[in-house]
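Heads up, the thing below is written out as structure tokens.
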Amino acid sequence: MSNLTYGQVTKDIIRPLFKPSLLHGLALVTAIACLSVGAYCWKLQLEQGLGVAGYEPPVMWGVYITTFVFWVGIGHAGTLISAILFLFRARWRTGVYRASEAMTIFAVLTAGLFPILHAGRCWYAYWLFPYPNQRQLWPNFKSPLVWDVFAISTYLTISAIFFYIGLIPDMAATRDKVKGFGKRVYGALCLGWRGTDNQWRHYMAAYGFFAALCTPLVISVHSVVSWDFAMSSTPGWHSTIFPPYFVAGAIFSGCAMVLTLLIPMRSLFKWEDYLTIWHFERLAQLCLLTGAILTYAYATEYFIAWYSDNPYEWGTFIYRPTGDYAWAFWLMVSCNCIFPLALWFKKVRTSLKWLFIISLIINVGMWFERFNIIATSLAHMFDPGAWVYYLPNRIEMGILVGSFGWFFMWFLLFVKVMPSVAIAEIKEGVRPPLKADEVTT
Amino acid sequence: MSKMNRRDFFRVVGVSGTAGLVACDPKSPAEQLYPYVIDPEEITPGLPTYYATVVEGCSVLAKVREGRVVHIESNPNRENAGVSPAAQASVQETYDPDRAQGPQVGGAAASWDEALGTIAAAVAANPAGTRWLGRYRTGSLQALISGFVSGLGGQNAHWEPHGHSVLANAAKIAWGSSAPPAFDMSGAEVIVSFGADFLHTWSDSGNHCAGWAQARSKDNGHIAHFTAIEPRVSNTSAKADTWLSTRPGTEAGVARALAKLVADEKGSTGAAKAYLAGVDVAAAASAAGIPEEKLKALASAIASKPSVVFPGGVTTYGSDATDLALAVLVLNQVAGNVGTSVLPDGNPLGPIHSYTEAMDAVGGAEVLFIDGLDPVFSSPSGAAQEVIAAAKLVVVFGNSMPEGMPEGTILLPPGSELETWGDHQLGHSFMALQQPAMKPLYNTRSVGDALLSLSKHSQIAPLLANGTEAVPTDDDGGSSTTDFAAADFQSFIKGRWNNMHVASGDVAPFSSAWVQALRVGGINLATTPVSAELKALPAPGAATLVDGTTLLLFSHQNLLDGRHANKAWLQEIPETLSGYTWGTWAEISPATADRLGVSNKHTLTIKSASGSIEAGVSVSKGMRDDAVAVVVGNGHKTGNRYSKDYGANPAVLVNGLRDAKSGEVAWLGTSVEIAKGAADNIMSKLNGHTDQDGRPLARASYVKDVEEAGPDAETGSLAPGLGIPLDPRIPEDSYDMYPEPEHPTYRFGMSIDLDSCTGCTSCQVACASENNIAIAGPEQHRKSRYMGWIRMDAFWEGEGDNPDVRFLPVMCQQCSHAPCEGVCPVLATYHNLDGLNAMIYNRCVGTRYCANNCPYSARRFNYHTFRWPESYNLMLNPDVSTREMGVMEKCTFCIQRIRYAKANHRANGIDVVPNDVLESLPACVSACPTGAMTFGNLKDENATVSKIASGPRAYQMLDALNTKPGVRYLTKVVHTKPVDPHHGGGHGDDHSSNDNH
Amino acid sequence: MSANVKGVFAHLDCLLTGIDRLEKAGFKDMIVAAPLPRHEIEEAIYKGEPSPVRWWTLCGGILGGSLGFILSSLTALDWPMAIPGGKPLVAIPPYIVIVFECTVLFGGIATLLGMLYYCRIPTKSMELEVCDPRFSDDHFGLVLKDVDESRREEAATILSGAGAIEVTPQPEGDAADEPTEDKEVADVE
Amino acid sequence: MKIILILIGLGGALLGCQMDPEPYTADEAFPKGQHILFPPAGADHVTAGHTTLGDPDYIEEQPLMFNHAIHSGAVEDGGMGMECTYCHSTARHSASAGIPSTQGCWNCHKQINPALSMNDDRNWTNPETGEVERNASGKGALETLDEYCGAEMGTPTCVNEDPIPWNRVHDLPDFSHFNHSMHVRLGADGEPRVECQECHGAMQEKMVAERVSSLLMGWCLECHQDHPSVDENYGTQSELRRAELKDCYTCHK
């Protein structure tokens, strides 16, 4: 990067903004189309009741919670990269962290829809928040679902703030580049940032603290989500390994999603200088690591189930690979444990094509991991007299598609209006202009 | 916005995810209050009134709220309390949205005068051509019918498709008695059945259930052993300790062989000796495919112990049905049961005819009256059609038009039994009085009233001889009379009862006796035993054996022969063994299923010489490889919205085969071809998996352990599975992170005896009726969305000739450490001071976490806002709210009844409700015909439930989870030693002969 | 009468030299604008004295944590008969989660407020004298506020002497361009 | 080019709207309520628990201008001082207080100065206005009663079949259960544990029924938490009783 100069950086990164491009436009339209499909399905569901979805009691949770956990998981990589790697001073983060943070925000935004979508009477969902009312009723703070409400809303708030203050200097830079109305807008958005010594000083301090706050938050959020399952008595859920297992899975899927997003963006915006193979290889290594942890977690689950000698637990774990849901189980195993092994080879790690394919595979696999956990356990609970075989139906699938539409719509809009690579931080990585250099040359 | 309702406003903002702060308060049209014009003195708004009456042959109390019957309670004045599902569903007969609301002539509505006029004219044209084809009737109605028809010189025939004509015929041949014998198994130690579904659909099942409970109770000093000898495991033989699977058609031979063996041990005389001479035991055994020594062992058990042997039923009645019944009677005779457990009796019941007799009788009818039958539907291949078509005019007494009636048929709706007067003889010794519990909803007249007004018609009256009975002047004005001049059927009945009263020699004034009868629901009849001398018996005929696949038919547990198919509850409640609803299924053995490559997901095409049907598959361990069993009851082409076009009618498969001696339809003996059907099975099993995979859910105790156990025995298979199994190395208080919540006054609990539970579904219907449980319908059942709060699991634990099926009714267990409570984010469910696991519907947001976390899968979720069609809504219980979409619901131990009891007692200054009141408080408990359930306050150690719940057979389901449930189960008693009683049990060392005693 | 002196630098080391010399010459109250945070600048001006934002974070966290616990316990005690799953009214383990989340939430918000407060943003009118599009791109700015008539000349000279590519007001005559003593600058590596 | 994109978008949206829902049986056998997202005002939708809650001094125009003041007002105020439970007779022993039947009114009114014919002078005249209080159709109270009763003066029983369609003023949501007898039955001091007026207001001073309390859950709770009659009647048990009174199952069904 040493051939870059500050001016070059600013120019390159602000270049793609507001330039309509066919590919981008098509993508956006497709996203909105998907969204409308989901919206229509939800309308039907609101009018006629959850019955339009394919639930088969006692499988009371299905695709919606699966997708909720999936998106929350996606939401992890962003903050991990921006916060934890910031604390670890991992330099490769600077190129990718803005985009992955945006991904986080929108993923959590998407995830947040699903508890509402899934509630039988979502018009009363606000009862889960503590607010004074004449009934003198409050939520049950002992319920993991209320923990969820707190965890998710906190996570969304904090990472949104973190994201925003990260954007401030870059929006200031954009302000100084664009003309007319845009100038006013960015001027307002960057809160009148001037980049004076005093501002930079407090800014850097605050940024550090946010990174420090986000780090435990990242870990906690998915732990809390995992407790939705681990805190229950259901065989296949009632396990102490869930928090680390879920967090690892989340980072795994998150990194995969970052790859899925950045690889096309790089070629679309000509950012080869900022998103180099070197960045992607680091991400791939992270995937490899977390994937290995995940595989280990699967194995441990089986060992514990067998070792506990608990007929219900073991029954469920036998049921997963052999029962009705064997297809889902083996799909999960191959996508999450087998295919990612290709990342051991540098050739694969450094080939964008292969990275992209594998990242897609991982995304699919991780969705099925959650489906596998939820559906199989509930379909095969304690009392055989209540065993069923649940499969999602079109409404649920429509809403799943809709959620992707929702996510990509926001993301695509974002990359067109905001600098998706951190200008200031890239500059930190560039050798500053020195008189000394010029004298010597 | 200002016109917008506050809730809606919150709903909208709720959806958009932000809690609203504004509450705008519109006026919307208020509800109206309609007081009475003149208030009836017996009705207090808000309080129920009860009327003792009889519905579907079951003596009950009808619970009435504000003039509507809302529930059918068991009648506490009868010793065998309990209500059959059909009796409870009579409420739905009353509120049937599609029933005829007045007379119809040729499908068009008509007035009673028009209809009766038309009939009178037709009858007057040729009185002797009057024919009556009716169901089995007793009491006053029977007298009136015979009086009317014979008065006109016509003929009346009474046929029940799955009735007792064969047994009646056999009893006549054997003893010359006019009625079939009654069976009392309460004292028996050995129970044998040749295919009679005596606990469910066969004859007086209510009494049989009570008898079963007694025979299986330890208090009798012994626990009876039940052997079922039939080709299929029915709901009754599912309770059998031994199932001797016979080749279809060979049962009569087996019965004779058994009789022979018993006779050889105990000796026999006269007719029996003659009858049994030359019976070849070995041949019979081999023909049936039963090891001879098993027969011998069984015979010696019968000979040495008090026993009872039941004859056959629909499944085993072939062309030699009467011979089977005869052989069984002889067997009982030689075993010395006659007079003790088999009671021939002289009380004339109503006449019963076989199919052939009935058809002959009504042949060549001028005017044909059809009463309460669906002859074309029930007759083999609809053979009755021709006879009916031959009649000039057909008059139907029924709430809807039966199948295959000719043009111009007149329909006279009799209304429901809850709206009308009547009396019925139950068994031999009880005359039940049926009084209207509510005003008729529509322009209907009971059969009796219709007949009376017909007999008064100017064209008919002259034809009828008056005053068939002389009426003593009774002390309430002599208004009552039994001749056709009776003002109405009520006074007709009153007259006959007056006669009975006088005849009984009771000196008390009749009016008081009448009032008493109204209060308790009837009077006991003096029974006159007849001589039990066997007459000379005809030689047995040959059985028709079928090569290839034999068709077995059986009556649906609740729909019986199809007459109850119009009642939504009985269609909605899963049939206990198959778990199927709203349709017709065929049972085949696993081997057959493999051979045809079908499973429960598929259908089966069943083809016979006379027709073919498609039915869903139910693979059952209790089936032979050489037979297929099809349930009768569905496949109606007419009827109401709940009976029409569900399933198929297997009667079309049955050919012209008849029972040689009685002329009854030989339901057994049709040869069929079965193949995989084209369509998929649209029914889904609602009782999940029928093998409990060795999980200790429905547990068993070995009979010896139970019989020898002291009060607090913990030996062998008796393990009081109460609470988490303790480990001596761990201090006891360290099992719980938190202490058990305290219950100051009550800890409500329930005990359920899995041994006496026959899986009759009474509790489920009672629950549906009491708690306004939604009728989800087949669409929802396809997604396993059954809304009933009690799930009846049926687990097959046994193998081969030891079926050991365990019926396990699972409802909310009201845990003290309930997994569901802690996870509810809005405290819609929580543990209250009475130990109840409260569920507040309108606080529920519908996250469904509670249901996921319930180890018993006892919670139900409203996936839609289920509603009730017009006039079904009249049967809703006003004390229970109906649930809207998105709300969780579950068993509440009938909180409304508890609340009501508490309020009543507080009003009288009693702060704690006494045990005897609590004991049968919930609807399910009070409806249970075997008394398998008990309710009460576990905090009070004197309460019955506490005593039972601490007994040696008591255990808590999934106790290892330490949820501290309030429901205690009592283990099933098995006659085969369980291998590991704590893990299911029942498997293992196969049934050996010494288990017979 | 006093006015500002403004220098625009294209090179970081020149800027640092400028800061250095001005301080030596006893100038106070200077504002440096930069397109990116450079530790050298912060060092040069604040001599490593930490930002007070951390106190806001701490207080916010403590406040949030205690609020979380008070909320969950008091609401439970408010309806004493609702016992979910046999847990006591105030069950510590489940409440830890609530406490944690509230701590982070309030801590974060407090940090944000602290930062906004000290950075004097959001604002429209702040330090317009350093308002220059180049400062967010690739130039550094150094502004001396309210330098009085007498010393303005001197300041301007120092700035241009340090290598500012543009100084307002222009010093009369070009000052002898002495080479900048090379400041050690942390390079990217 | 942009237009093409927009078209594709619309196409996608339409495509989405073509998807038909899972079989939703609105059939006659298994009817289901449909949930109207934005119901028109006053529309009956599936969550209609109740709508006039939370509105104290809610008042309804009544078909018959019955005058509570005259009947139950104190004698010195020109009333007849009748007990509430004289007409609302089931309040003491049933959940519902009961609205008197037409015959119930008639039993007395058939005898009230039979000399007068059925015209205004039998109707009550409001002393303040000097006007006869009339209902929507301009009928006075007794005129209306005569109409609904349909009987001749002096004849004992009503003949008209249709009841008086009172408008409900105190209406709880269908999911809650209120038992009058538990509240108004006599306590230790021989007085009703809760006076009718505590919830219904000084009805003996009002013309037509008027609601003085919100009937919201919070309002019920106030009494269930600290109504003096609990201490008076339960003494040592009162703590337990209060807890029971706060059990959701006390009111929710």
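Quick note on labels: first sequence line is chain A, next is B, and so on, each numbered from 1. None of these values were measured; they are calculated from a predicted model.
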With a 4.5 angstrom heavy-atom cut-off, which part of [X] approaches chain A: side chain, backbone, both or neither?
| X | result |
| --- | --- |
| B/Cys820 | neither |
| B/Arg843 | both |
| B/Tyr786 | neither |

Any donor-acceptor pair under 3.5 Å from [X] side chain to [Y] backbone:
| X | Y | answer |
| --- | --- | --- |
| A/Arg121 | B/Asn842 | yes |
| B/Arg699 | B/Leu697 | no |
| B/Ser684 | B/His781 | yes |

Side-chain donor-acceptor pairs of residues 317-324 of chain A under 3.5 Å, sequence neighbours excluded:
{"from": "A/Tyr319", "atom 1": "OH", "to": "A/Asp324", "atom 2": "OD2", "distance (Å)": "2.9"}
{"from": "A/Arg320", "atom 1": "NE", "to": "A/Thr376", "atom 2": "OG1", "distance (Å)": "2.9"}
{"from": "A/Arg320", "atom 1": "NH2", "to": "A/Ser377", "atom 2": "OG", "distance (Å)": "2.8"}
{"from": "A/Thr322", "atom 1": "OG1", "to": "A/Ile318", "atom 2": "O", "distance (Å)": "2.6"}

Listing, residues 51-62 of chain A side-chain donor-acceptor contacts under 3.5 Å, not counting sequence neighbours, or none:
{"from": "A/Tyr55", "atom 1": "OH", "to": "B/Arg848", "atom 2": "NH2", "distance (Å)": "3.0"}
{"from": "A/Glu56", "atom 1": "OE1", "to": "B/Ser784", "atom 2": "OG", "distance (Å)": "2.8"}
{"from": "A/Trp61", "atom 1": "NE1", "to": "B/Thr847", "atom 2": "O", "distance (Å)": "2.9"}

**Request:** List the atom of B/Lys964, the atom of B/Gln956, and the distance in Å for their closest heavy-atom pair.
**Result:** C-NE2, 4.2 Å
**Message:** Below 4.5 Å, heavy-atom pairs only: which of B/Ala794, B/Pro825, B/Pro855 has the largest tally toward chain A?
**Reply:** B/Pro825
**Any residue meeting side-chain hydrogen bond (donor to acceptor under 3.5 Å, both in side chains) with B/Arg791, in chain and number order, not counting sequence neighbours** = A/Asp383, B/Asp793
**Asked** Do you know which of A/Leu137, A/Ile374, A/Asn133, A/Val388 has the most heavy-atom pairs with chain B at a distance under 4.5 angstrom?
**Response**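 It is A/Leu137.
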**Asked** Which residues in residues 225-238 of chain A have a heavy atom less than 4.5 Å from any heavy atom of chain B?
**Response** A/Trp227, A/Asp228, A/Phe229, A/Met231, A/Ser232, A/Ser233, A/Thr234, A/Trp237
